[in-house]
Amino acid sequence: MKTVVDILEERISAAMAAVGSVGSPQVSGQSGFPAIVRPAADAQFGDYQVNGVMALAKKMKTNPKQLAEKVLEKIDVADICEKPEVAGPGFINLKLKPDFVAQNLLQINIDNKRLGIEKTDRPQTVVVDFSCPNVAKQMHVGHLRSTIIGDCICRLLEFEGHKVIRQNHIGDWGTALGMVILGLWHMCMAEKRGGKPYYENDIEDLKVYANNKQELKNICNRIRIRHEEDWEEDFIEWRGDGKKRFKPFLDNLKTREDSAIWEKITILYQYVNLLEESLVGLGLTTITRVKKKSYKKDENPFEYISIPYESLSRHITAMMQNIDDKDNEQEKDAWERIRKISLKYFHEIYRILNVKLSMEDVRGESDYRKNLSSTVNDLLRHNTAVKSNEAICIFPDGFKTKEGKPLPFIIQKSDGAYLYATTDLAALRYRVKELKADKIIYVTDARQKQHFEMLFKVAKMAGWLKDGQVFHVMFGSVLGDDGKPLKTRSGENVKLKELLDEAVERAKAVVEQKNSDLPDEEKKEIAKAVGIGAVKYADFSNNRTSDYVFSFDKMLAMEGNTAPYMQYAYARIKSIERKAISKEVDVEKELSKIKSLDLAERAELDLAKQLVRYGEAVESAADDYRPNYLTSYLYELAQKFSTFYTTCPVLDAAPAKRPTRLLLCDLTARTIEHGLRKLLGIEVPKQM
RNA sequence: GCGCCCGUAGCUCAGCUGGAUAGAGCAACGGAUUUCUAAUCCGUAGGUCAGAGGUUCGAAUCCCCUCGGGCGUACCA
């Protein structure tokens with residue numbers, strides 16, 4: 001079934017074409033005559049309005065009002081609308097016939113699965129890249145948006161009939177790798193030293209003195225001296241070979257519990273990050289080793305160099321580039337363990353969030369590690385990439401540095417390490433070539449806009465992409481209550497798990513207060529649905545591109561335009577169905593016999609018209625990747641239902657009126673359920 | 001400096017290739033419950049769409065300038 005707005009658009013565009021081509025042949029040669037049918041701005045104008053006539057009049061250099069009159073003569077919508085009217089400077093107002101609404105509703109009613117919404121006639125293979133948390137890091141509120149918006153986009157596209165391939169491009173390569181190895185090293189040394197782990201004290205000190213440069217330098221130097229002591233001491237054959245302590249520690253890691261490792265590694269990751277940030281500009285150096293290009297048997301294969309202390313993890317990253325080598329076996333095992341544990345925790349969050357992402361959807365940066373050199377080489381061969389300051393770069397047009405020079409897209413650093421630009425290119429190629437993607441969608445925050453613009457441009461330069469094949473679906477940053485961006489500095493992140501737990505807890509308190517008679521088990525289920533639903537809905541209902549002000553109170557408020565409002569409407573309908581038995585009303589029977597509807601009451605007709613529009617809302621949300629179009633539709637639906645509910649008794653209605661009202665209830669429930677559960681991944685309890 | 005995004009009611013935000021008198025929620029105020037769940041409904045009040053100019057039948061929306069905020073800007077993601 002086509003949406004009403006599409007039918008109207010088609011018919012009125014045809015009428016406009018007929019009128020436009022008569023008076024002005026040159027206009028007809030252009031790209032058609034869009035009627036631009038929109039929901040009416042004000043109910044007094046009817047249900048839909050045509051905006052396109054005035055634009056056409058402008059093109060034809062004619063009077064819009066007169067043109068609208070001419071179009072009116074050609075319009076054939078008598079089966080759908082009351083007589084259309086010209087209004088204002090050249091609008092055409094359309095009002096649906098109650099009969100048409102009733103017939104439409106009866107058709108939707110028959111289609112249990114899709115509520116009368118057609119599948120696309122041009123199905124595509126769409127790759128959606130979303131969520132993408134970082135290994136060894138707790139997911140925080142910043143990951144919430146990518147995860148649930150991405151999931152919603154997948155659900156919308158799947159429902160439209162596209163083949164969707166989810167890709168969880170987790171951060172498990174590049175710098176993350178070096179930081180985890182360094183973090184594990186600190187874990188080892190802290191355990192050797194015993195007592196309260198030194199990194200916990202260091203984190204506190206670094207935070208306290210973040211703005212006192214002199215003291216910060218003293219602290220960092222103290223850390224560095226301890227670091228070098230530990231490093232110097234840890235060897236059997238050659239300085240710093242790690243055979244005395246670190247290597248046995250890595251072996252021992254296998255015997256430890258996941259949860260114990262997870263808790264520590266997330267803190268250590270923060271530690272390494274915070275230490276490196278603190279070190280910037282302090283000028284401290286440290287000793288490390290690099291493998292010689294050639295060496296004799298029994299000779300120390302390493303030589304020792306001095307590097308800036310803050311670049312140590314990056315140095316390790318470069319060394320670990322060959323993680324698949326035999327020498328690095330232990331590091332590789334440890335790394336895979338950390339990766340596995342991290343994924344376990346991410347998937348726990350996905351389960352709680354009701355997000356459809358499985359282990360099969362995980363294809364992280366590390367999965368492309370074997371394609372990185374060929375990606376770079378191919379670009380060098382095409383002369384797309386060039387060497388500049390020892391780094392391998394591509395200079396796409398239109399991007400400039402601070403100094404006004406061309407801005408490079410760096411795909412290999414001067415130390416030989418690859419970057420996320422390289423993995424992104426390799427991933428993009430994989431998606432086009434192997435996954436046969438017609439379309440690739442990246443769901444990330446707006447700060448990466450320039451990166452993606454460059455990525456897409458480079459991929460086009462290399463001939464790997466067609467126009468219009470990739471989209472960056474971006475969203476705003478997460479802000480704190482003070483309106484400033486929530487920095488990813490350690491400690492300031494709000495852990496997603498804790499946020500979700502609190503949401504459920506608050507919901508539980510409300511359920512307890514409103515409906516204390518329910519069995520405990522049910523109260524728990526309701527609290528989960530309401531709490532998680534509220535958090536997700538708060539995010540969906542915001543404009544995607546705006547910044548996101550994070551506030552417990554706002555997210556967890558359960559009044560007004562929130563998920564619980566819709567869940568409540570649903571629960572009321574289910575309650576009517578339960579009550580029907582005691583009132584000797586056979587709902588199933590009345591619904592199955594229904595042949596026509598009686599939409600006499602204002603509230604009935606308003607609700608019916610809203611129900612007819614569900615397909616339009618889904619379509620616009622999917623077309624623009626904007627879940628908030630869907631949430632505002634559902635909110636309006638619930639509002640119209642609530643008005644209907646208070647003015648139109650259902651079970652106590654006259655027997656002749658009752659089937660219509662039962663159908664309105666049933667269809668409202670099905671639409672809310674479909675929108676919330678199927679498309680937004682929000683549960684709808686039968687009671688609350 | 002340059003590039004991108006943003007500025008709408010006291011607060012949080014919608015506003016869909018430019019469309020009619022700019023809409024919601026929260027907070028405030030007034031009303032509604034012997035009747036299917038009041039996590040509700042009905043109503044009142046609240047605006048120089050940051051400011052100035054331009055484009056046109058018509059601008060919150062497009063262009064220019066100013067002010068204010070954010071992000072990015074060669075080896076982090």
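We name chains A, B, ... by the order of the sequence lines, and we start the count at 1 in each one.
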Name the nucleic acid region contacted by Q687(A), choosing base, sugar-phosphate or nothing; use a 4.0 angstrom heavy-atom cut-off, strictly under. base
Can you tell me how far C1' in rA52(B) sits from the matching atom in rC41(B), rounded to whole Å? 45 Å
Would you mind telling me which of rA74(B), rA77(B), rA39(B) lies closest to the side-chain atoms of T175(A)? rA77(B)
Whole angstroms only, please: what is the CE-C1' distance between M474(A) and rC6(B)? 11 Å
Please give the nucleotide sitting opposite rA14(B) as a Watson-Crick or G-U wobble pair, both distances under 3.5 Å, or none. none
With a non-hydrogen cut-off below 4.0 angstrom, is C393(A) in contact with a base, only sugar-phosphate, or nothing? base
Where along residues 398-406 of chain A does a heavy atom come under 4.0 Å from RNA chain B, residue by residue in number order? K400(A), T401(A), K402(A)
For rG1(B) and rC76(B), measure between their C1' atoms and round to the nearest Å. 24 Å
Look at K65(A) together with E69(A) and state whether they make a salt bridge at an N to O cut-off of under 4.0 Å. no
Categorize A391(A) for me: base, sugar-phosphate, or nothing, with a 4.0 angstrom heavy-atom threshold over every strand shown. base
When the distance from CG of L312(A) to P of rC76(B) is rounded to whole Å, what number comes out? 14 Å
Determine whether the aromatic ring centres of residues Y442(A) and F456(A) are separated by less than 6.0 angstrom. yes
Between rA74(B), rC41(B), rA20(B), which one does the side chain of N93(A) approach most closely? rA20(B)
Base, sugar-phosphate or nothing for T643(A)? Non-hydrogen atoms, less than 4.0 Å. sugar-phosphate
Answer whether the closest heavy-atom distance between the side chains of T375(A) and I411(A) falls below 4.5 Å. no
Touch check for E616(A), heavy atoms < 4.0 angstrom, all strands: base, sugar-phosphate only, or nothing? nothing
The side chain of F45(A) lies closest to which of these nucleotides: rU73(B), rA20(B), rA38(B)? rA20(B)
Counting Watson-Crick and G-U wobble pairs only, both distances under 3.5 Å, name the nucleotide matched with rA45(B), or none. none
Pick the C1' atom in rU61(B) and in rG7(B), then give their distance to the nearest Å. 14 Å
Starting at CD1 of I36(A), measure out to CE of M16(A) and round the result to the nearest 0.5 Å. 7.5 Å
Separation of rA39(B) atom P from Q639(A) atom CD, nearest Å, is 17 Å
Whole angstrom value for the distance that separates P of rC41(B) from CG of D606(A): 15 Å
Rounding to the closest angstrom, what is the interatomic distance between rG15(B) and rA22(B) at atom C1'? 8 Å
Determine whether any donor atom in the side chain of Y420(A) lies under 3.5 Å from an acceptor atom in the base of rA77(B), or the reverse, and answer yes or no. yes
Can you confirm whether or not the ring centre of Y633(A) sits under 6.0 Å from the ring centre of Y614(A)? yes
Counting only Watson-Crick or G-U wobble pairs whose two distances fall under 3.5 Å, which nucleotide matches rA39(B)? none
Assess whether one donor atom and one acceptor atom, taken from the side chain of S388(A) and the base of rA74(B), lie less than 3.5 Å apart. yes
Walking RNA chain B from its 5' end, the first of T646(A) and G174(A) to be reached, judged by nearest nucleotide, is T646(A)
Using Watson-Crick or G-U wobble geometry with both distances under 3.5 Å, which nucleotide pairs with rG72(B)? rC2(B)
If rG7(B) has a Watson-Crick or G-U wobble mate with both distances under 3.5 Å, name it; if not, just say none. rC67(B)
With the side chain of E559(A) defined as its heavy atoms from C-beta on, choose the nearest nucleotide among rA77(B), rA27(B), rA38(B). rA27(B)
Nearest-angstrom distance from the residue atom CE of M454(A) to C1' of rC4(B): 14 Å
Can you check the distance between rG54(B) and rC65(B), where both ends of the measurement are the C1' atom (answer in whole Å)? 11 Å
Selected nucleotide, minimal atom distance to M558(A) side chain, candidates rC36(B), rG72(B), rA39(B): rA39(B)
Side chains of H472(A) and T444(A): is there a donor and an acceptor less than 3.5 Å apart? yes
When we call it a touch if two heavy atoms are under 4.0 Å apart, what does A176(A) touch: a base, just sugar-phosphate, or nothing? nothing
Decide whether N628(A) and S541(A) meet the rule of one side-chain donor and one side-chain acceptor closer than 3.5 Å. no
On RNA chain B, more 5' by nearest nucleotide between W173(A) and N515(A) is N515(A)
Closest listed nucleotide, where the reference is the side chain of Y565(A) and the choices are rU40(B), rA38(B), rA39(B): rU40(B)
Work out how far the P atom of rG3(B) is from that of rU21(B), and round it to whole angstrom. 37 Å
Compute the ring centroids of F45(A) and F91(A), then answer whether they are less than 6.0 Å apart. no
For D539(A) and rA14(B), give me the distance from atom CG to atom C1', rounded to whole Å. 15 Å
Are T647(A) and E601(A) linked by a side-chain donor-acceptor pair shorter than 3.5 Å? no
Between the side chains of N561(A) and Y537(A), is a donor N or O closer than 3.5 angstrom to an acceptor N or O? yes
Taking the same atom, P, in rA45(B) and in rU8(B), what whole-Å distance lies between them? 23 Å
Looking across every strand, which nucleic acid part, if any, lies under 4.0 Å from Y635(A) by heavy atom: base, sugar-phosphate, or nothing? sugar-phosphate
Sort out the partner of rA59(B) for me: Watson-Crick or G-U wobble, both distances under 3.5 Å, none otherwise. none
Under-4.0 Å side-chain N/O to phosphate OP1/OP2 contact, R572(A) with rA38(B): yes
Nearest whole Å is fine: how far is rU37(B) P from Q567(A) CD? 17 Å
Using the test salt bridge (Lys or Arg N to Asp or Glu O under 4.0 Å), find all partners of E9(A) that sit at least two apart in sequence or belong to another chain. none
Can a donor-acceptor pair be found between the side chains of Y420(A) and H451(A) at a distance below 3.5 Å? yes
Y633(A) OH to rA14(B) P, in whole Å, measures 21 Å
Quick one: which protein N/O atoms are closer than 3.5 Å to N/O atoms of nucleotides 15-19 of chain B? Pair and distance per line, please.
unit_1	atom_1	unit_2	atom_2	d
rG15(B)	OP2	N543(A)	ND2	3.0
rC16(B)	O4'	Y629(A)	OH	3.3
rG18(B)	O6	K58(A)	NZ	3.3
rG19(B)	O2'	Q49(A)	NE2	3.4

For atom C1', what is the distance between rC42(B) and rU33(B), given to the nearest Å? 13 Å
Measure from the side-chain heavy atoms of L419(A) and tell me the nearest of rC76(B), rA39(B), rC41(B). rC76(B)
Mind checking S642(A) for me? I need base, sugar-phosphate or nothing, with any heavy atom below 4.0 Å counting as a touch. sugar-phosphate
Quick one: do K574(A) and E577(A) satisfy salt bridge (Lys or Arg N to Asp or Glu O under 4.0 Å)? Show the steps, please. CA-CA 5 Å; K574(A) 292 294 143 186; E577(A) 290 171 7; 3.2 Å; yes
Establish, yes or no, whether the cationic atom of R145(A) lies under 6.0 Å from the six-membered ring centre of F540(A) and within 45° of the ring axis. no
